[in-house]
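What follows is a set of notes on a single structure, which appears directly below.
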Number of protein chains: 2
Amino acid sequence: MIELSKAEFAVMEALWQGYPAKASDIVQRLSDDTQWHEKTIKTLVSRLVKKQAVSFEKDGREYIYTPTIGREAYTLKESQNFIARLFRGRVAPLVSGFAKTQQLSQQDIDELKQIIEQWEQKQGK
Amino acid sequence: MIELSKAEFAVMEALWQGYPAKASDIVQRLSDDTQWHEKTIKTLVSRLVKKQAVSFEKDGREYIYTPTIGREAYTLKESQNFIARLFRGRVAPLVSGFAKTQQLSQQDIDELKQIIEQWEQKQGK
DNA sequence: CGTTTTTGATTACAGATGTAATCTTAATTT
DNA sequence: AAATTAAGATTACATCTGTAATCAAAAACG
């Protein structure tokens, strides 16, 4: 699997916001959230290309970048790894921790209920 | 917050299994799961001491190690950071991903239900 | 008591990461 | 056309991480 560092992930987020995109677009978007120097961002983009998380097409002197992996797929994989490492693959203990420390909102609860409902429907029960 | 690398976390797991513990105990426990050289594990323990995730008492020439942070507290913090970074702080999208990809077991569902129930009880509703 | 073993301390070293600066070359400006 | 700017490529460099090896000192062994 493609592994992304935190900074690289942040750049991916900017790209996922809309693509294909020029480097200058990515820099632009990131300037809202970070203080990163343009050079820093370009370096990160290069590393992403090297890791094949991002591909590009040339447009004259500029490159037009596109993510090769979707946000959903990537975050799912990451979540699986994380949950496997910290909670032996089971998601409930994580949610439980959130519950115990008052970090669940009504919205969270509603969504969880819906997830459960759909799950049970699919189980044909 | 104390930040642990993956290898460091694995060592903490071994220590959380039972403490206070001697280095040799930790090495012993880890030998079940990993191929790490004893020297490697000692290095990791040193780094944990330096990071103050672990304290020690001298017992003659040996050290007796104790975690300074609890597993629960640590994994909760890590989870919060993770969820904040990937899902803007909301836990439901993660669970949703697991659901969509058939990674929820009946047991997970049961536990989630219970979490919800307790949450609603506490809300006095 | 001298030798070997064992413990923690110190040192090693490559690859990943954060964070740019410099270089090359082509485009734009004056 | 000469000078400046801007894009990506290359280089930089400290810190973190994984993975030990070596060192110093004390303990155990013979």
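Throughout, protein chains are lettered first and strands after them, A, B, ... in sequence-line order, and every chain is numbered starting at 1.
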May I ask you to verify if any side-chain N or O of [X] is less than 4.0 angstrom from the OP1 or OP2 atom of [N]?
X	N	value
A:S5	C:dG18	yes
B:K39	D:dA21	no
A:W36	C:dT19	yes
B:K58	C:dA9	no

Just how far, in rounded Å, is [atom2] of [N] from [atom1] of [X]?
X	N	atom1	atom2	answer
A:K42	D:dT11	NZ	C1'	16 Å
A:D59	D:dG8	CG	C1'	14 Å
A:K51	C:dA16	NZ	P	8 Å
A:I41	C:dG18	CD1	P	13 Å
B:K50	C:dA9	NZ	P	12 Å
A:R47	D:dG8	CZ	P	17 Å
B:E3	D:dG18	CD	P	13 Å
B:I2	D:dC16	CD1	C1'	16 Å

Among D:dG8, C:dA20, C:dG8, the one nearest any side-chain atom of A:Y63 is D:dG8

**Q.** Any donor-acceptor N or O pair under 3.5 Å, side chains A:Q107, A:E111
**A.** yes

When you compare the side chains of A:D110 and A:Q114, does any donor N or O come within less than 3.5 Å of an acceptor on the partner?
no

**OP:** Apply the test side chain to side chain contact (heavy atoms under 4.5 Å, CB included) to residues A:I2 and A:L48: give CA-CA distance (whole Å), side-chain angles for both, the deciding distance (0.1 Å), then the verdict.
**Re:** CA-CA 10 Å; A:I2 294 174; A:L48 287 169; over 6 Å; no

Which of A:T40, A:I41, A:V11 passes side-chain contact (heavy atoms from CB on, under 4.5 Å) with A:V27? Answer is A:I41

Using 30° and 60° as the class boundaries, would you call the ring planes of B:Y74 and B:W16 parallel, tilted or perpendicular? tilted

Item to check | Pair of N/O donor and acceptor under 3.5 Å linking D:dT5 base with A:R61 side chain | outcome: no

Review point. NA contact type, B:T43, heavy-atom cut-off 4.0 Å: base, sugar-phosphate, or nothing?
Key: base

